[in-house]
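Read through the structure below, which is laid out as C-alpha cells, and then see the notes.
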Amino acid sequence: MKKDTIPSIFVVFVVFLLSSCTTLSYTSLDVLRPARVSFDPKATNILIVNNTVKQPIDYGHKTELFNESTKNLKIDTDSLALFCLGALIEDLSEKEFFDNVHLHLNSINSGTDFFTIKSIPQDSLKTLCSAYNADVVLSLDRFKVNDKITELYYGDTFTYYDALVVRCESQWSIHYPGREKFETTIFRDTIYWDSESPQRRKAIAALPKRTDALIDAALYVGRNSIKRFIPYWDKADRYFFNANSGLIKDGMDSVYVKNWMAAIGIWNKGLEKKNPSLKARLANNIAVAYEITGDVDKAIEYAQKSVDMFRSDPFVNYEHFACVLNYLQQLNTRKKEIELIDKQLGN
C-alpha cells in the first residue's frame with residue numbers, strides 16, 4: 001500500500017474559536033482514525049470479489065400498517081451486492097491506499113444456499129490472484145437485507161406516522177494467495193426514512209419506493225465500508241479554557257495566530273503558581289496545544305496533570321473537571337489508535 005498518501009499522525013488543523021460564557025473555547029481538528037480491518041502492509045494490489053448468493057425474494061421484506069396484520073412481500077434483491085461493491089471500489093480507488101484496485105463483479109459462488117457462507121476455494125483464489133496480479137482479495141460473501149414499513153397513528157394530533165427501516169448485514173473475508181487461513185468480519189448498517197401526514201395515503205406515498213430504498217441502502221453500505229477497510233480522517237472536538245485577562249488570555253492570543261509553542265511557553269509559566277484551579281486549566285490548554293503539534297505523549301502528560309490538579313482543588317468546577325477527564329480518555333484512545341495506524345501503514 002502507498003505509505004505517502006496517508007500520514008500516520010494528523011497534520012491538518014482547522015480552527016473555529018467561539019466565545020463561550022463557560023470560559024471554554026471550542027476548536028475542531030482533523031485526526032486520522034484506524035480502519036476496523038487491517039491488511040498486510042505489503043499488500044499493494046487488491047482484488048474485490050463478489051462471492052454472494054442471491055437472497056430469496058420472499059425473505060426479509062415486511063409491511064406492518066396501523067390496525068392491519070403484518071404482510072410479507074416478495075422483492076428481488078439480486079443487484080444489491082453489485083451496488084454495494086460498485087460504491088466501495090469507486091471510493092477505494094479515489095483514496096489511492098492501494099497501488100491497484102480491481103473488481104470481479106459477477107459472483108463466483110455457484111451455490112444456492114443463501115444462509116450458508118461458502119468461502120472461496122483455494123484453487124479459485126489462486127486463479128483470481130493470477131488473473132488480476134492481486135496479492136490480497138477482499139471477498140463479499142453475503143449481503144443480507146431486512147426491510148420493514150411500520151405505521152403508527154397519533155390520536156391526539158390525528159396524524160399517521162410511517163417509517164421505512166432497512167437493516168443491512170454484509171459479511172466479508174480477506175484472503176492472501178498461498179495462505180489457507182483467512183479473516184472474516186461482519187458489518188451492520190441501518191438506514192431509515194419517515195413521513196407524517198393527517199392523510200394516511202400521503203404519509204405512505206412520501207416514503208421512497210421499496211426497491212429504490214434498498215438500492216440507496218446498498219450504496220450507503222459500500223461508501224460507509226471504506227472507513228472500515230482503510231484509515232480515514234475524522235473531526236475531533238477540543239476545548240481551551242479562556243479568560244478575559246491574565247496568563248490564559250496571553251496564551252490564547254498566541255493560539256489565535258497558531259503559534260502553539262509560544263502559547264505553551266506562556267502557560268507553562270503559570271504552572272508555578274499556587275492556584276490549583278488556574279494550574280489545571282493551564283495544563284489542559286498545554287495538552288491541547290501539544291496534541292495540535294502532533295506530540296500526543298506530551299498531551300497525555302499535561303492532560304493527566306490537569307486531572308490531578310482539578311482533583312486537588314477543594315472548590316473544583318465539576319463541569320470543567322469532567323471536560324478534562326474526558327479529554328484524557330480521548331488522548332489515551334488516540335495513542336492506541338496511532339499505534340494501530342502505524343501497523344496498518346507498515347510504519
Side-chain angles (χ1 to χ4, degrees), residues 33-37 48 50-66 68-92 95 107 114-117 138-154 159-174 183-197 200 203-237 333 337:
R33 303 293 189 190
R36 294 269 297 275
V37 173
I48 301 175
N50 180 7
N51 186 41
T52 62
V53 173
K54 178 181 177 181
Q55 179 171 321
I57 62 173
D58 57 352
Y59 174 80
H61 317 294
K62 300 179 182 295
T63 297
E64 191 176 276
L65 300 181
F66 178 69
E68 296 184 12
S69 59
T70 301
K71 296 180 181 179
N72 295 310
L73 306 179
K74 293 183 178 181
I75 300 176
D76 190 351
T77 59
D78 188 31
S79 62
L80 296 187
L82 308 184
F83 283 108
C84 173
L85 292 176
L88 172 62
I89 195 169
E90 181 179 353
D91 286 356
L92 194 59
K95 298 299 181 182
S107 180
F114 173 75
F115 300 98
T116 301
I117 300 295
L138 174 62
S139 172
L140 176 59
D141 297 324
R142 182 165 66 191
F143 192 90
K144 181 172 68 175
V145 295
N146 282 275
D147 51 276
K148 185 178 182 180
I149 290 180
T150 58
E151 183 180 68
L152 299 174
Y153 179 71
Y154 297 116
T159 57
Y160 288 91
Y161 173 80
D162 289 76
L164 169 56
V165 180
V166 180
R167 294 182 172 86
C168 303
E169 180 182 289
S170 55
Q171 181 161 335
W172 308 78
S173 57
I174 300 174
E183 302 176 36
T184 61
T185 186
I186 297 176
F187 301 127
R188 294 179 176 87
D189 298 272
T190 300
I191 307 95
Y192 75 93
W193 298 259
D194 61 357
S195 65
E196 191 172 351
S197 174
R200 186 180 202 179
I204 296 176
L207 297 175
K209 293 182 179 179
R210 189 81 65 116
T211 52
D212 293 340
L214 292 176
I215 291 174
D216 287 345
L219 293 171
Y220 172 83
V221 173
R223 297 190 184 104
N224 197 41
S225 294
I226 189 71
K227 63 184 180 182
R228 295 159 171 167
F229 295 120
I230 66 173
Y232 64 98
W233 290 104
D234 190 22
K235 292 290 184 182
D237 297 339
T333 299
E337 289 180 344

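All values derive from a computational prediction rather than experimental measurement. This chain uses plain numbering: 1 for the first residue, then up along the sequence.
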Would you say the side-chain atoms of Thr70 and Glu64 include a donor-acceptor pair closer than 3.5 Å? yes

Are Phe187 and Phe229 close enough that their ring centres sit under 6.0 Å apart? yes

Side chain proximity check, Leu140 to Ile48, heavy atoms < 4.5 angstrom: no

Go through Thr52 and Asp141 one step at a time and tell me if the side-chain contact (heavy atoms from CB on, under 4.5 Å) criterion holds. CA-CA 5 Å; Thr52 62; Asp141 297 324; 6.0 Å; no

Residues Asp194, Tyr161; criterion side chain to side chain donor-acceptor pair (under 3.5 Å); working and verdict: CA-CA 7 Å; Asp194 61 357; Tyr161 173 80; 3.0 Å; yes

Is there a donor-acceptor pair under 3.5 Å between the side chain of Gln55 and the backbone N or O of Val145? yes

Strictly below 4.0 Å, N to O, side chains only: are Asp234 and Arg33 in salt-bridge contact? yes

side-chain contact (heavy atoms from CB on, under 4.5 Å) evaluation trace for Val37 with Ile174: CA-CA 9 Å; Val37 173; Ile174 300 174; 2.9 Å; yes

Within the supplied structure, the quantity of interest is the number of heavy atoms (other residues, nucleotides, ligands) at a distance under 6.0 Å from Arg167 CZ; does it exceed 12? no

Are Glu68 and Lys62 within salt-bridge range, i.e. N to O under 4.0 Å? no

Are Asp216 and Ile191 packed together at the side-chain level, in the sense that at least one heavy-atom pair is separated by less than 4.5 angstrom? no

Without swapping roles, check the side chain of Glu151 against the backbone of Phe66 for a donor-acceptor pair under 3.5 Å. yes

Determine whether a donor-acceptor pair (N or O, by modelled atom type, separation under 3.5 Å) exists between the side chain of Thr159 and the backbone of Ser197. no

Of all heavy-atom pairs linking Tyr232 and Pro34, the shortest is CE2-O, 3.7 Å

For a 4.5 angstrom cut-off between non-hydrogen side-chain atoms, does Asp162 reach Glu196? no

Scanning both residues in full, the closest heavy-atom pair of Pro56 with His61 reads O-NE2, 4.4 Å

Nearest heavy-atom approach of Ala213 to Trp193 is O-CH2, 3.5 Å

Should Thr185 and Gln171 count as side-chain neighbours, where that means a heavy-atom distance under 4.5 Å? no

Quick one: does Leu164's side chain get under 4.5 Å of Pro208's, heavy atoms only? yes

Ser139 side chain reached by Ser173 side chain, heavy atoms, under 4.5 Å: yes

Heavy-atom check, side chain of Asp147 versus side chain of Val165, under 4.5 Å: no

Counting neighbours of OH on Tyr192 that are heavy atoms of other residues, nucleotides or ligands and sit closer than 6.0 Å, is the number greater than 12? no

Ring geometry between Phe115 and Tyr59 (parallel below 30°, tilted from 30 to 60°, perpendicular above 60°): perpendicular

Take Thr63 and Arg210 through the side-chain contact (heavy atoms from CB on, under 4.5 Å) test and state the conclusion after the steps. CA-CA 10 Å; Thr63 297; Arg210 189 81 65 116; 2.6 Å; yes

Taking the side chain as C-beta and beyond, is there a heavy-atom pair between Arg142 and Phe114 under 4.5 Å? yes

For side-chain contact (heavy atoms from CB on, under 4.5 Å), just list the numbers for Thr77 and Ile57, CA-CA rounded to whole Å, side-chain angles, deciding distance to a tenth of an Å, and then say yes or no. CA-CA 7 Å; Thr77 59; Ile57 62 173; over 6 Å; no

Between Ser170 and Trp172, does the side chain to side chain donor-acceptor pair (under 3.5 Å) criterion hold? Intermediate values first, please. CA-CA 7 Å; Ser170 55; Trp172 308 78; 3.0 Å; yes

